[in-house]
Amino acid sequence: MVALASSPAVPRAPRPPLALSPTASVIKTEQLRRSYNGRVLFTLRDFRREDFETLWRIDQSCFPPGISYGRLELSAYIRRRGAFTLVAESAESGQAERGEIAKPAPSILGFIVAEASRRGMGHIITIDVVLSARRFGVGSRLLAAAEERLQSEGVAQVFLEAAVDNKTALAFYKRHDYFVVKTVPRYYSNGLDAFVLQKDLLPSTREQPAGAPFGSQLE
């Protein structure tokens with residue numbers, strides 16, 4: 001799924017069992033321009049346990065019932081074996097110097113959950129970006145960082161699911177070189193169909209036949 005702008009339905013992923021996930025370090029700083037006279041700085045880092053409630057609230061605000069995750073669902077994805085979660089956090093914080101007004105604590109602008117299967121397939125589970133940070137590159141940077149992590153783990157192809165009527169999400173993924181490989185009828189709990197999209201992270205994989213990323217989960 002991706003929440004980058006107001007839209008009806010959004011891509012979701014299948015419901016997996018609870019498992020543990022490896023940890024890694026990803027820290028990058030990006031500068032985003034806002035309106036005509038401001039900017040937003042943010043860093044990408046790995047998920048921390050204390051982030052969970054904030055991420056869940058962001059997901060609830062980004063997506064309608066039937067698309068958004070319950071606490072147990074989101075927790076299961078984050079802790080799934082082979083999964084990782086990257087968080088985009090505002091960098092507009094820091095300790096105040098003498099005589100200065102203290103800046104607010106960092107706020108979470110968005111996050112992405114992705115995973116690599118034992119068969120070497122990548123899967124983007126969800127991308128969520130808060131309303132105030134949309135259209136400034138947060139989602140694109142999260143997606144690029146996740147793809148870099150997957151590629152470093154030997155993943156050649158990455159898949160995701162997107163609602164067939166979510167033009168915003170489909171346009172976003174098209175800009176990032178994803179292409180439709182199949183349709184899954186009634187994929188979402190509200191009965192909406194989903195497209196399965198694929199991106200080849202290695203140049204040679206485009207010639208190979210496309211397949212479902214995690215076996216029966218997309219059947």
Side-chain angles (χ1 to χ4, degrees), residues 1-5 10-32 34 38-97 100-117 122-150 152-153 158 160:
M1 81 182 212
V2 58
L4 301 173
V10 291
R12 300 302 301 187
R15 270 67 174 165
L18 190 67
L20 298 177
S21 116
T23 59
S25 176
V26 174
I27 301 178
K28 295 180 182 293
T29 302
E30 300 290 337
Q31 179 173 316
L32 305 179
R34 295 190 62 182
R39 66 181 186 177
V40 170
L41 297 178
F42 70 93
T43 61
L44 299 187
R45 61 168 175 80
D46 283 278
F47 167 81
R48 296 194 286 256
R49 186 174 300 177
E50 59 267 27
D51 297 329
F52 180 78
E53 282 299 314
T54 299
L55 301 195
W56 178 76
R57 287 195 297 269
I58 290 173
D59 190 71
Q60 293 295 300
S61 69
C62 286
F63 302 102
I67 298 293
S68 60
Y69 288 136
R71 284 186 173 88
L72 291 179
E73 289 177 313
L74 184 59
S75 177
Y77 282 120
I78 291 173
R79 298 175 61 191
R80 183 177 171 87
R81 188 176 304 277
F84 58 88
T85 300
L86 302 179
V87 174
E89 184 177 66
S90 169
E92 300 287 350
S93 64
Q95 294 184 345
E97 301 293 336
E100 292 184 349
I101 299 175
K103 296 180 180 179
S107 60
I108 293 177
L109 305 178
F111 67 99
I112 186 170
V113 184
E115 63 181 335
S117 77
H123 192 196
I124 302 299
I125 295 172
T126 186
I127 307 176
D128 295 49
V129 177
V130 300
L131 180 62
S132 61
R134 294 175 192 173
R135 301 188 182 278
F136 299 111
V138 177
S140 293
R141 190 66 198 100
L142 283 166
L143 182 60
E147 291 172 350
E148 291 168 9
R149 174 81 66 88
L150 290 169
S152 72
E153 295 179 6
V158 59
L160 56 86

For Ala116 against Glu153, the heavy-atom pair lying closest together: CB-OE1, 3.6 Å
Close side-chain approach of Val129 and Phe136, heavy atoms under 4.5 Å: no
Over all atoms of both residues, closest heavy-atom pair of Leu86 and Ala145: CD1-CB, 3.7 Å
With a 4.5 Å cut-off on side-chain heavy atoms, are Phe47 and Val113 touching? no
Rounded to the nearest 0.5 Å, what separation is found between the CD1 atom of Ile124 and the CG atom of Leu143? 5.5 Å
Looking at every heavy atom in both Leu150 and Val158, which two are closest together, and how far apart are they? CD1-CG2, 3.8 Å
Got a donor-acceptor contact below 3.5 angstrom from the Gln60 side chain to the Gly70 backbone? no
What distance do Ile58 atom CD1 and Thr126 atom OG1 have between them, rounded to the nearest 0.5 Å? 10.5 Å
With sequence neighbours left out, write down each residue that passes side-chain hydrogen bond (donor to acceptor under 3.5 Å, both in side chains) with Arg48, or none if nothing qualifies. Glu50
Find the distance between CG (Asp51) and CD1 (Ile78) and round it off to the nearest 0.5 Å. 8.5 Å
From CA spacing to verdict: side chain to side chain contact (heavy atoms under 4.5 Å, CB included), Leu55, Thr85: CA-CA 10 Å; Leu55 301 195; Thr85 300; 4.1 Å; yes
Quick check for you: to the nearest 0.5 Å, what is the distance between Arg141 atom CZ and Leu109 atom CG? 14.0 Å
Within this structure, what is the CD1-OH distance for the pair Ile125 and Tyr69, rounded to the nearest 0.5 Å? 6.5 Å
Could you work out, with salt bridge (charged side-chain N to carboxylate O under 4.0 Å, His left out) as the rule, every residue matching Arg57, not counting sequence neighbours? none
Please determine if Arg71 and Glu53 form a salt bridge, counting it only when a charged side-chain N lies under 4.0 Å from a carboxylate O. yes
How long is the straight-line distance from CG of Leu44 back to CZ of Phe111, given to the nearest 0.5 Å? 14.0 Å
Quick one: does NZ or CZ of Arg149 land under 6.0 Å from the six-membered ring centre of Phe84, within 45 degrees of the ring axis? yes
Heavy-atom pair with the smallest gap, counting every atom of Arg134 and Cys62: NH2-SG, 3.4 Å
Does Trp56 reach the main-chain N or O of Ser75 with its side chain, forming a donor-acceptor pair under 3.5 Å? no
Minimum heavy-atom separation for Val138 and Ala88, please, with both atom names. CG1-CB, 3.7 Å
Might you point out which heavy atoms bring Glu73 and Ser68 nearest each other, and give the distance in Å? OE1-O, 4.3 Å
